[in-house]
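To keep things clear, I will list the structure first and then write my remarks on it.
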Amino acid sequence: MARLAQTAGLTDIQQEILSTVRDFVDKEIIPVATELEHRDEYPQAIVDGLRELGLFGLMIPEEYGGLGESLLTYALCVEEIARGWMSVSGIINTHFIVAYMLKQHGTQEQKDHFLPRMAAGDIRGAFSMSEPALGSDVSAISSKAVKDGDEYVLNGQKMWLTNGGTSSLVAVLVRSDEGHPEGTAPHKSMTTFLIEKEPGFGEVRPGLTIPGKIDKMGYKGVDTTELIMDGLRLPADRVLGGVTGRGFYQMMDGVEVGRVNVAARGCGVAQRAFELGVRYAQQRHTFGKPIAQHQAIQFKLAEMATKVEAAHAMMVNAARKKDSGERNDLEAGMAKYLASEYCKEVVEDAFRIHGGYGFSKEYEIERLYREAPMLLIGEGTAEIQKMIIGRRLLEEYRFQG
């Protein structure tokens with residue numbers, strides 16, 4: 001079958017990796033995704049398979065046991081995985097962001113300690129910025145770290161941790177006033193800490209509790225949790241980069257590549273929705289012919305396919321810009337905004353094509369209809385993306401009057 005969203009200029013290695021991932025998705029994920037999702041069951045067998053393929057170390061440098069691939073390769077793999085089941089791409093994404101932050105900002109000791117085991121999948125990563133009383137306003141973080149001798153004591157409550165239970169390493173952003181006098185800008189008094197813990201729920205190390213899974217409308221299978229720090233003690237060498245006050249910039253760097261990931265997820269879900277819609281339209285008959293032969297349905301399919309192509313192109317552009325070493329917050333914001341909005345629209349159109357059957361849990365489109373809304377929120381809402389895009393455009397097109 002001809003496929004939408006092809007990517008020009010890939011190397012033979014990239015094409016081989018994508019072919020392998022695509023085959024895995026078709027054989028190991030799509031056949032079981034809906035059943036596992038309805039049971040809200042963690043896809044352990046799928047995760048083990050991805051580990052064997054080396055996906056957990058895809059962007060980790062070869063010197064640490066990874067594959068040393070580009071952000072583009074990673075994003076295209078995520079697109080394929082999300083086409084099978086978006087929750088699985090979430091399991092990979094948070095791990096990838098922590099590994100990326102370590103690679104870019106960690107001390108040499110931190111890289112040597114964590115990255116080889118992350119590449120092997122022995123350590124699974126999660127990261128946390130949000131709190132119960134804040135969402136997009138990162139400057140309002142109230143969780144705090146206080147210096148006590150050679151250690152830091154952390155207190156506070158974090159929210160919306162993907163992989164909060166299954167992870168064994170969490171990068172957490174908290175306020176740290178040490179060395180930053182009163183009146184310092186909030187983003188200059190934040191620090192990222194690396195917290196090692198046991199996987200599971202309850203008290204996973206002294207002073208750290210993962211209460212349990214949050215029950216969600218969609219995005220099931222992957223565990224989403226809170227994190228409570230109550231007198232959690234960490235040594236000073238678990239400050240990411242070894243210096244306090246840099247956490248905001250480190251996290252924003254991670255979120256920037258995370259937005260490319262969310263765009264890729266939107267592309268993957270939209271592709272699957274189109275596949276389901278175009279197939280059903282050729283199977284379902286009304287008024288003596290397949291509904292695909294009705295002009296109204298053909299118009300809908302045309303719009304869906306065009307949106308899939310446009311979102312994919314913007315996602316690829318954002319990934320390539322980052323890989324080139326250039327600033328890509330404008331491109332990543334645009335890609336995330338467009339891909340998530342188009343994903344919602346393509347999924348809804350496929351849902352409409354299915355008619356009443358789309359409302360049945362026996363049909364895959366029902367699952368996609370509940371999953372797509374998460375992409376409108378994850379890694380920053382549409383409104384946040386528009387703010388980023390608008391500010392960057394004013395920088396680029398500053399009027400000199």
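Applying the ring pair (Phe, Tyr, Trp, His ring centres under 6.0 Å) test to every pair with at least one member in residues 104-128, sequence neighbours left out, gives no pairs at all. Legend: side chain to side chain donor-acceptor pair (under 3.5 Å) pairs involving residues 295-304, not counting sequence neighbours: none detected. Residue pairs meeting the ring pair (Phe, Tyr, Trp, His ring centres under 6.0 Å) criterion with at least one member in residues 27-71, sequence neighbours excluded: Phe56-His95. Applying the ring pair (Phe, Tyr, Trp, His ring centres under 6.0 Å) test to residues at least two apart or on different chains, the pairs with a partner in residues 264-287 are Tyr280-His354. Within the structure, salt bridge (charged side-chain N to carboxylate O under 4.0 Å, His left out) pairs that include any residue of residues 96-118 comprise Glu109-Arg238 (at least two apart or interchain).
A donor-acceptor contact shorter than 3.5 Å is absent between the side chain of Glu151 and the backbone of Asp148. Listed for the Gln282 side chain is no donor-acceptor partner under 3.5 Å among the backbone atoms of Ala292. No donor-acceptor distance shorter than 3.5 angstrom exists from the side chain of Asn163 to the backbone of Thr94, with no hydrogens or angles considered. The backbone N or O of Gly380 lies less than 3.5 Å from a partner atom in the side chain of Gln385, making a donor-acceptor pair. Side-chain N or O atoms of Asp223 include none that pairs as donor or acceptor with a backbone N or O of Lys213 at under 3.5 Å. Distance alone, capped at 3.5 Å, is enough to place a donor-acceptor pair between the Arg175 side chain and the Ile141 backbone.
Annotation: salt bridge (Lys or Arg N to Asp or Glu O under 4.0 Å) contacts of Asp215 (sequence neighbours excluded): Lys220. Residues passing the salt bridge (Lys or Arg N to Asp or Glu O under 4.0 Å) test with Glu256 are Lys322, sequence neighbours excluded. By the ring pair (Phe, Tyr, Trp, His ring centres under 6.0 Å) test, Phe201 pairs with no residue at all, sequence neighbours left out. For Ser168, the side chain to side chain donor-acceptor pair (under 3.5 Å) test picks out no residue, with sequence neighbours left out. Annotation: salt bridge (Lys or Arg N to Asp or Glu O under 4.0 Å) contacts of Arg51 (sequence neighbours excluded): Asp122. Qualifying side chain to side chain donor-acceptor pair (under 3.5 Å) partners for Tyr74, counting only residues two or more places apart in sequence or in other chains: Asn261. With sequence neighbours left out, Asp48 forms a salt bridge (Lys or Arg N to Asp or Glu O under 4.0 Å) with no residue at all.
Salt bridge annotation for Glu341-Lys344: present, with a cationic side-chain nitrogen under 4.0 angstrom from a carboxylate oxygen. With respect to Lys336 and Glu379, no salt bridge is recorded, no charged nitrogen being found less than 4.0 Å from a carboxylate O. Of the charged side-chain nitrogens involved, none lies within less than 4.0 Å of a carboxylate oxygen, so that Glu37 and Arg367 do not count as a salt-bridged pair. A salt bridge links Glu366 to Arg370: one of the charged nitrogens lies within less than 4.0 Å of a carboxylate oxygen. Taking a cutoff of 4.0 Å between a charged side-chain nitrogen and a carboxylate oxygen, Arg327 and Glu395 qualify as a salt bridge.
Tested against Gln271, the residues Arg83, His312, Glu79 include a single side-chain hydrogen bond (donor to acceptor under 3.5 Å, both in side chains) partner, Glu79.
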CA sep, side-chain torsions, deciding dist, call: Leu173, Thr191, side-chain contact (heavy atoms from CB on, under 4.5 Å): CA-CA 6 Å; Leu173 184 65; Thr191 300; 5.9 Å; no

Would Arg39 and Glu35 count as a salt bridge (Lys or Arg N to Asp or Glu O under 4.0 Å) here? Give the steps. CA-CA 6 Å; Arg39 296 204 302 258; Glu35 180 182 353; 2.6 Å; yes

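Pairing each heavy atom of Ala33 with each of Gly84, the nearest pair is CB-O, 3.7 Å.
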